[in-house]
Structure formats: C-alpha cells, structure tokens
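Following: one structure in structure tokens, then a few remarks.
By convention here, the first residue in the shown sequence is residue 1. None of these values were measured; they are calculated from a predicted model. Side chains included, hydrogens not; waters and symmetry mates left out as well; all remaining heavy atoms used.
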Amino acid sequence: MILAKNGAVEDLKNSINTSKEVFDFLASVSNKYGIGFWQPGAGIIHQVVLENYAFPGGMMIGTDSHTVNAGGLGMIAIGVGGADAVDVMAGMPWELKFPKLIGIKLTGRLSGWTSSKDVILKVAGILTVKGGTGAIVEYFGDGAQSLSATGKGTICNMGAEIGATTSTFGYDQKMEQYLRGTGRADIADLADNIKEHLTGDAEVYENPQDYFDQVIEINLSELEPHINGPFTPDLATPISQFAQAVKQNGWPDKLEVGLIGSCTNSSYEDITRAASIAEQAITKNLTAKSEFTITPGSEQVRFTVERDGYLRTFEKMGGVVLANACGPCIGQWARHTNDPTRKNSIITSFNRNFAKRNDGNPNTHSFVASPEIVTAMAIAGDLTFNPLKDTLINNQGQEVKLDEPQGIEHPIQGYAVKDNGYQAPAADGSSVEISIDPDSKRLQLLTPFAPWNGENISGMKLLIKAKGKCTTDHISMAGPWLRFRGHLDNISNNLLTGATNYFNEQTDSVKNQLTGEYGPVPDTARAYKAAGVPSIVVGDHNYGEGSSREHAAMEPRHLGVYAVLVKSFARIHETNLKKQGMLGLTFQNEEDYNKILEDDTFDLIDLQDFTPGRPIAIKLTHADGSVDTIQTNHSYNEGQIQWFREGSALNLIKKRNS
Ligand code: SF4
C-alpha cells in the first residue's frame, strides 16, 4: 500500500494518510489476537522473515508466493493462499500432493559480475515457468556452500518463478554466519549441534541421480550474468548475447529506468555490490542516463546501508531511495513518463516481469537482472551495453570502463537499526476494539459463499476464454487495486481485466450472451449474476501462475463464476479455487480447448457423482444448436469436495467449530 513516487519519506507519509483505516485495522486485529505486526515501512516481509524468523530445518507457510525466500536459511517455506493459512491458524493440518524432487548441483565459484541472481535466472531459462511445478528444488554441492545466505535466499525466492513448491539449501557455514550476524547466535548454536540432520545425506549428494527425479548441474565458474525477459521471467539471455537479442527482437534499446531492491535482492551484500558500481559513476565522471531507484528490503538493511554511506552513493549517482516496501515490484509506482503509449524498456532486480506488472503499461518491456547489472545498465542508459566488455564516454569525453562489482557479505560494524517497525501484540488483547465502517470503501466484512445445492450446474455462460498467459496478475491486477484488498466487492471490479479474450484478442472486452454486446469482464460477470445465470471461465496452460493472490479465486466466486476450466493450473491458484468453493477443472483432452466457442452454454451433467479421481463431463451447446460433450479432470480429494459442498473451506471450518 506504499505508492512509490517521490522518495521514501514523503511516500511513506502519504501512504499512511491514505491507508490509515487499513493499517489501523491490521494493527488492532494483530493486537487483539496475539499477532506481531510489522508496521508500514518496516520492510518487505520476506526480508524481515529472513532476518528475524527463518531458521534451518523449520517449516513455514506464508500467504505470498515469495515466502520461499526463507529457503536461503534452510527452511521448507511454502507460499499458499490465505485460506490455507487460515486452516493452519485454526489448528487444521495443511496438505499438499507429495512433491517431486529436483536436485541442482552447483560446482565452481562465482566471480566478477556473476552473482547468485544469475544462478536462478539460468535455472529459470532451463526449467521455464512451469518446470518446477509440483517439485521441491534442492541446491547442493561445493558451489552451493560458497554462496552467502542472502544469495541463497535470492535463488530460493525466484524459485516461485519456475513454479516450484519451494527451494532449499542444506544448512552450512554461510547460514551460521548470517544467523550470528543478525543477532541469533542461540539459533546458530542449536543448528550447529544437529547440523548433520539439517542437510542431505552424503550418499544422496554423491549419487543424486538415485534420489532426485531430475538433476541439473551448473558450474558457477562458467556462469555468465543473465538478463531475463521481457514479459516472462524464464526468457533467459546471457549478457554476451543480450545486445544481439535486443536488436533481433526489436526491444527498445533505450533504457528508461533501472530499479533495484525487492524481496529478491535487497540484502546488504546486494546493496554493496550495486553501490560499488554506483561509486564508479561518481569517480569516473559518468552521469546515469536512466532514472534509478533503490528499495531497501527492510529498515534494518536501510539503516545499516545508510550508516555505511551507500545510500549517499546512490543519491550522488542520481538515484532515488524509495520506502522499504514492495513499491514498483507490485505495480505501486507512480512512474514519471510523458508518453505511456511509447514502447519502452526498464530493468529491475525484482523477480516478475509480466506485462503491466511494474507500471500497469503494456508497452513497458521489463527485464530482470542482478542489482549490479541493473546499476551498470542504468548508468549506460542503453540495453545493448555489456558492462563486462564495453566502455562508456564520460562527462569529459573520456572512454571509461566499469570495474567488476565488489560486495560485502556482512556489515563490518554489524547490522544496526533504531526502530525496526515491529509492534508486539498486547499481553491481553481482550479489550481491543475492532471496528469496520459499513460505508468503508477499503474494508468489508465477508459474507459466506452459498453452499452447493447438490444439483448439476446448468446453463453456465462463458465469461471469458482466456488466451495464452493468464497469471494471477491478469486475473486480479495489483497496482492501484491493492487498496481494495480488504473489500471484496470493490476489488472484484478488476476481475480478469488483464486476460486476453481468445475471440477478439482484446483485454477486458467480452461478449455478454444475454445482450450480445461487448463490455468489461467484471460488468459482464455482474450482469450474469444479476440475471441468476451462472458463468464459467476457460483458460490455457499454467493458469493462475504468479502471486498467491487469493482474490484471484475469491473475485470470480463473488461474481457468480462456478467453474474454471483450463489446460493446466498453477498449484497455489488451483488450491485457492477449491478453498473458495469453486470447481477447478482441466481438459482431459487439451484439444477440447478449441471446441469452446464464444456463445456456448455449459452444463455439468454428472456433478452429482463428484468423487475423487472421477472425471466430470460437460455438455457444450453451441449457438447453432450443435452439441459437444467433453470430459474434464479434477484433483479434489474427499476433504476438498467437502469444501465445494459447503460453499468454501471457511464455511466448513465455521460449521465444525459452531
Ligand atoms: S511484490 Fe515484489 S517485493 Fe513484494 S513480496 Fe512480491 S515479489 Fe517481493
């Protein structure tokens, strides 16, 4: 909820003013129910977790896909939807289809311009955005042990971009050093005492092919820096080939903005490596050609790097330090641009670069790289610049070259912070009042979804047949919409507005079968709902990849969508749909996607026999009266079918506890 615009101090103040109602609500709920609250400006939660909560051998679920960041400290940390977290907080077990194991053996040593970020950029190129689906990725080998704990965090963090359930490393000395450096010597001592149990067994790492479903080997000594994108994080290009790729693909070569930070890359080491490049801009008389922003990951990192002079270095280079928050990474960015219709390029050290993700502009080509590469590119202002070999002309007309980055893993004087932004819960919260204004535009109490009536669902109209990539960002956009996350009806006005309609190739324009007219997706869904007509969404592969955003499931449910039928789902989104009492179905025969026409009516003909493992048939009636019957699969187990029957998982919890 912190909009990046003019710089940390002003932006934070504005956000606290505009979102006071929501922050007050979160603070009071936390206080009442014994929950610690990290106040606005305290940092990005994954960096905060790594610094304060993560520990080797622990398991954690978190309601954000980048929860996996804590794998950097040897956790099994998994991103889930909010409803899953509710189950766990209510004392219920959390379940997951038993994952596969992908082993990634790292040999050699990083050097020069190559960093941990390049490991995961390379892995994303190998495995693609789907390759980690249903798998835990475990990194091991000498190379793995040589990476800093925060570097490991970077790698695990972006495991979300390959769809992995989680990524992790075995406990090692680097983790121990980080624990001690962040004031947790007691945990380091405990871990040291059982360290042989906090990593894989020797015979596993010696013969990984016998134990992992897939093994990949990467030699860090040979690894080049990579730049991934645009529009997808798995389009990986080594820097030596990047200039050529820019020209061949017609990507805009003028770089408009470089952004560093995010939960992926905002550690002390990241900042110092980037600052060592920024410092050279100053000493070598270079003026940064692109805008440049820095978002520290936590107040502890910000305070420490300010104390050590690095923020001043960035500012001298012309950089703007933003609040310790997600900011542009989640589209909370009031970007300064004179022409949003212009094709343009930006480069970030973030993790996601789907269309419109950072600034809501489909013309923005967003690339992902390490903070040091981003800094060098921002100085050059040119995407075809290769800092490893190219030179730049400075303000005095001299040809200069940037030296390799130098980083410091842990601050020499230790971490410091004055106020880390943490609010401990009240010892006795029973008297804490929580109030929600019924006229609020930001907060709305949830009304339980209706239980299933036990009948087949008939007469469903097609809301949209989404074409191609349809991430949770496309289903429920972030940016300015995030202010409505506490208000389901208001946020539902962004439902599927980013998805491309298969039939007209446009976004947010679908046919209302009741009127024959085209209109925005949310309005069309509301029209069906008002007329008592159920609707269905059809999608392509890996539907719902990206953020764990459960609004992407709650919104269609709220607007009368009963089923989502796709070629394949991303794990978290599929579960989110189930939890909200919806039907998440997959085509038994992918080719049947082509049978879905714009004016179709859908009848579920054997839903009354909904049982684990049994396909569900759908009768498609086309506008000309012809009929196709297709088979769909589902992955509901008995308990999950119960959620569907009750209307949602939350309804079931309520029933069991009443
Ligand atoms: S929005 Fe960006 S910085 Fe924030 S948690 Fe998500 S990936 Fe991390």
Side-chain angles (χ1 to χ4, degrees), residues 2-8 10-11 44 117 225 227-233 239 242-243 246 251-266 270-271 274-275 277-278 281 286-297 311 313-387 392 402 473 478-480:
I2 301 174
L3 180 72
K5 192 171 180 191
N6 296 321
E10 195 181 324
D11 294 347
I44 306 168
K117 180 68 163 254
I227 299 182
N228 288 21
F231 306 126
T232 186
I239 190 117
F242 190 67
V246 170
W251 298 330
D253 56 4
K254 178 173 183 286
L255 179 65
E256 299 201 6
V257 195
L259 307 97
I260 63 169
S262 92
C263 58
T264 324
N265 276 111
S266 53
D270 290 328
I271 300 277
I277 303 300
L286 289 158
T287 305
K289 299 274 189 326
S290 310
E291 278 184 58
F292 183 60
T293 70
I294 306 98
T295 44
L311 291 189
T313 306
F314 289 130
E315 281 165 351
K316 272 203 232 156
M317 173 193 147
V320 176
V321 179
L322 300 171
N324 314 319
C326 300
C329 184
I330 190 101
Q332 284 290 63
W333 183 24
R335 186 173 166 194
H336 320 119
T337 175
N338 50 10
D339 178 13
T341 61
R342 178 182 64 235
K343 271 176 134 197
N344 71 91
S345 292
I346 64 170
I347 189 165
T348 80
S349 73
F350 310 161
N351 40 43
R352 298 210 164 121
N353 56 355
F354 306 133
K356 304 193 209 175
R357 164 90 178 178
N358 302 120
D359 62 359
N361 182 353
N363 298 306
T364 298
H365 293 54
S366 175
F367 296 88
V368 178
S370 68
E372 45 273 47
I373 292 288
V374 171
T375 310
M377 294 304 229
I379 294 169
D382 180 355
L383 267 193
T384 62
F385 175 64
N386 177 353
L392 295 165
L402 296 172
D473 277 304

Task: Results of side-chain contact (heavy atoms from CB on, under 4.5 Å) for Val320 - residues two or more places apart only - done: Leu322

Open item on the list: Using 0.5 Å steps for rounding, measure from the OG atom of Ser345 to the CD atom of Glu256.
Closed with: 7.5 Å

Task: Test side chain to side chain donor-acceptor pair (under 3.5 Å) applied to Asn353 - qualifying residues, sequence neighbours left out - done: none

Task: Test item: Ile271 and Pro371 side chains (from C-beta on) under 4.5 Å apart, heavy atoms - done: no

Task: Minimal non-hydrogen separation, Asn363 against Arg342, with atom names - done: CB-O, 3.3 Å

TODO: Please examine the side chains of Ile44 and Asn324, heavy atoms only from C-beta on, and report whether any two atoms are closer than 4.5 Å.
DONE: no

- [ ] Kindly determine whether Ile347 and Val368 satisfy side-chain contact (heavy atoms from CB on, under 4.5 Å), including the steps that lead there.
- [x] CA-CA 6 Å; Ile347 189 165; Val368 178; over 6 Å; no

Open item on the list: List the residues meeting side chain to side chain donor-acceptor pair (under 3.5 Å) with Ser262, not counting sequence neighbours, and say none if there are none.
Closed with: Thr264

Task: Any residue meeting side chain to side chain donor-acceptor pair (under 3.5 Å) with Asn6, in chain and number order, not counting sequence neighbours - done: Glu10

- [ ] Mind checking the CG-CG spacing from Asp253 to Leu383? Nearest 0.5 Å is all I need.
- [x] 7.0 Å

- [ ] Write down the atom of Ser366, the atom of Asn358, and the distance for their closest heavy-atom approach.
- [x] OG-OD1, 2.9 Å

- [ ] Working to the nearest 0.5 Å, report the span between CD1 of Ile330 and CG of Asp473.
- [x] 6.5 Å

TODO: Write down the atom of Ala323, the atom of Thr295, and the distance for their closest heavy-atom approach.
DONE: O-CG2, 3.8 Å

- [ ] Check Leu392 against Ala380 and note the closest heavy-atom contact, atom names and distance.
- [x] CD2-CB, 3.7 Å

Open item on the list: According to salt bridge (Lys or Arg N to Asp or Glu O under 4.0 Å), does anything in residues 318-333 pair up with another residue at least two apart or in another chain? List the pairs.
Closed with: none

Task: For the student: nearest non-hydrogen atoms of Ala274 and Ile260, plus distance - done: CB-CD1, 3.8 Å

Open item on the list: Using the side chain to side chain donor-acceptor pair (under 3.5 Å) criterion, which residues pair with Asn228? Sequence neighbours excluded.
Closed with: none

Task: Residues in side-chain contact (heavy atoms from CB on, under 4.5 Å) contact with Pro230, at least two apart in sequence or another chain - done: Leu235, Trp251, His365, Phe367

Open item on the list: Closer than 4.0 angstrom, basic N to acidic O: yes or no for Asp11 and Lys5?
Closed with: no

Open item on the list: Quick check: do Leu402 and Leu286 have side-chain heavy atoms less than 4.5 Å from each other?
Closed with: yes

Open item on the list: Filter on salt bridge (Lys or Arg N to Asp or Glu O under 4.0 Å), then keep only pairs touching residues 315-329, sequence neighbours left out; what's left?
Closed with: none

Open item on the list: Show me the pairs that pass salt bridge (Lys or Arg N to Asp or Glu O under 4.0 Å) and involve residues 320-332, at least two apart or across chains.
Closed with: none

Task: Non-hydrogen side-chain atoms of Met377 and Ile373 separated by less than 4.5 Å - done: yes

Task: Counterpart residues, side-chain contact (heavy atoms from CB on, under 4.5 Å), relative to Thr364 (two or more places apart) - done: Arg335, Asn344, Ile346, Asp359, Asn361

Open item on the list: Taking ring pair (Phe, Tyr, Trp, His ring centres under 6.0 Å) as the cut-off, I'd like each qualifying pair that reaches into residues 314-361, sequence neighbours left out, listed once.
Closed with: Phe292-Phe314

Task: Non-neighbouring partners of Ser290 that pass side-chain contact (heavy atoms from CB on, under 4.5 Å), sequence neighbours left out - done: Leu255, Ala378

Task: Non-hydrogen atoms of Cys329 and Asn351 that approach each other most closely - done: SG-OD1, 4.1 Å

Task: Side-chain heavy-atom pair Lys117, Asn265 within 4.5 angstrom cut-off - done: yes

